[in-house]
Amino acid sequence: MFENIIKNVTRFVDLNEEEMKMFTDLLTYDKVPKKTVLLREGEVCKFEGYIQKGCLRMYCMDDKGAEVTVLFAIEDWWISDISSFQDQMPSKLNIETLEDSEIFMLNPETKEKLLQEIPKFEKAFRILVQRNLRTLQNRLIDTISKSASDRYLEFIKVYPTISQRVPQYYIASYLGVSKEFVSTIRKRLAAREK
């Protein structure tokens with residue numbers, strides 16, 4: 001049951017059997033149905049979650065009340081509102097499941113206990129945060145410097161399975177384009193492949 005999350009963490013740090021057991025004992029496992037909101041804007045984020053199975057979406061609301069997708073998270077990814085979780089302040093984000101999902105979670109208390117009892121997890125979580133930051137920086141740079149078509153192609157490269165798993169309007173909101181644009185570019189790409 002814990003094989004994937006152990007593999008995920010041990011890419012960054014070595015764990016002995018006792019440390020693996022201590023880690024897995026602190027995790028909460030939850031099966032979460034599709035379309036479940038795990039975090040609403042204004043709530044304090046109480047989890048850092050590893051996705052064993054499923055697809056989740058993080059989004060915020062723009063000044064017109066439209067949803068803007070910030071990121072997608074699929075199997076073997078972690079998801080949380082890091083700022084809200086760390087500072088225990090109200091979130092500006094929403095997190096929902098787009099598929100039936102299975103998630104391992106740490107809450108602030110269990111994460112703190114983990115970091116105190118197995119300090120090498122500081123390194124693992126630092127690397128995860130750095131990778132997340134790199135992804136967000138690359139996305140910001142792409143948004144500023146690339147055309148919408150190029151952003152779509154980059155999206156497909158980073159998230160090769162997402163376009164088959166989520167509605168086009170979520171992809172459009174992630175890219176900052178209309179759903180009609182996504183439909184048009186997908187048709188163009190499909191025609192090129194023929």
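All values reported here derive from a predicted model rather than from experimental measurement.
Geometrically, R139 engages Y174 in a cation-pi contact defined by less than 6.0 Å to the ring centre and at most 45° from the axis.
C60 and N94 make their closest contact through CA-ND2, 4.2 Å (heavy atoms, listed as atom of the first residue, atom of the second, distance). Closest of all the heavy-atom pairs between M58 and D81 is CE-N, 4.3 Å. In this structure, G176 and R151 approach most closely via the heavy-atom pair O-NH2, 4.3 Å. The two residues S173 and T69 make their nearest non-hydrogen contact at OG-OG1, 2.7 Å. Minimum interatomic distance between S101 and E99 (heavy atoms only, all atoms of both residues): OG-O, 2.8 Å. In terms of heavy atoms, F47 sits closest to S80 at O-OG, 2.7 Å.
Remark: N107 CG to E48 CD distance equals 10.0 Å, nearest 0.5 Å. How far CG of L71 is from CG of L136: 7.0 Å, rounded to the nearest 0.5 Å. Taking CZ of F85 as the reference point, atom CG of L106 lies at 6.5 Å (rounded to 0.5 Å). Here the straight-line distance linking atom OG of S91 with atom CD1 of I82 works out to 11.5 Å at 0.5 Å rounding. We find the OG1-CZ distance between T184 and R186 to be 11.5 Å, quoted to the nearest 0.5 Å.
Residues K7 and E3 are paired through a salt bridge, judged by an N-O separation under 4.0 Å between the basic side chain and the carboxylate. A salt bridge links E154 and K157; the closest N-O separation between the charged side-chain nitrogens and carboxylate oxygens is under 4.0 Å.
You'll find the ring centres of F125 and W78 inside the 6.0 Å limit.
For the residue pair Q130/R134, the side-chain donor-acceptor check at 3.5 Å is not satisfied.
Sparse packing is recorded around CD of Q86, with 12 or fewer heavy atoms of other residues, nucleotides or ligands lying under 6.0 Å away. D14 CG: 12 or fewer foreign heavy atoms inside a 6.0 Å radius. In R126, the CZ atom is crowded: over 12 heavy atoms of neighbouring residues, nucleotides or ligands sit closer than 6.0 Å. Within a 6.0 Å sphere centred on NZ of K179, heavy atoms belonging to other residues, nucleotides or ligands number 12 at most. No more than 12 heavy atoms of other residues, nucleotides or ligands shown are found within 6.0 angstrom of CE on M89.
Listed by first and then second residue, the ring pair (Phe, Tyr, Trp, His ring centres under 6.0 Å) pairs involving residues 11-45 are F23-F121, Y29-F104 (not counting sequence neighbours).
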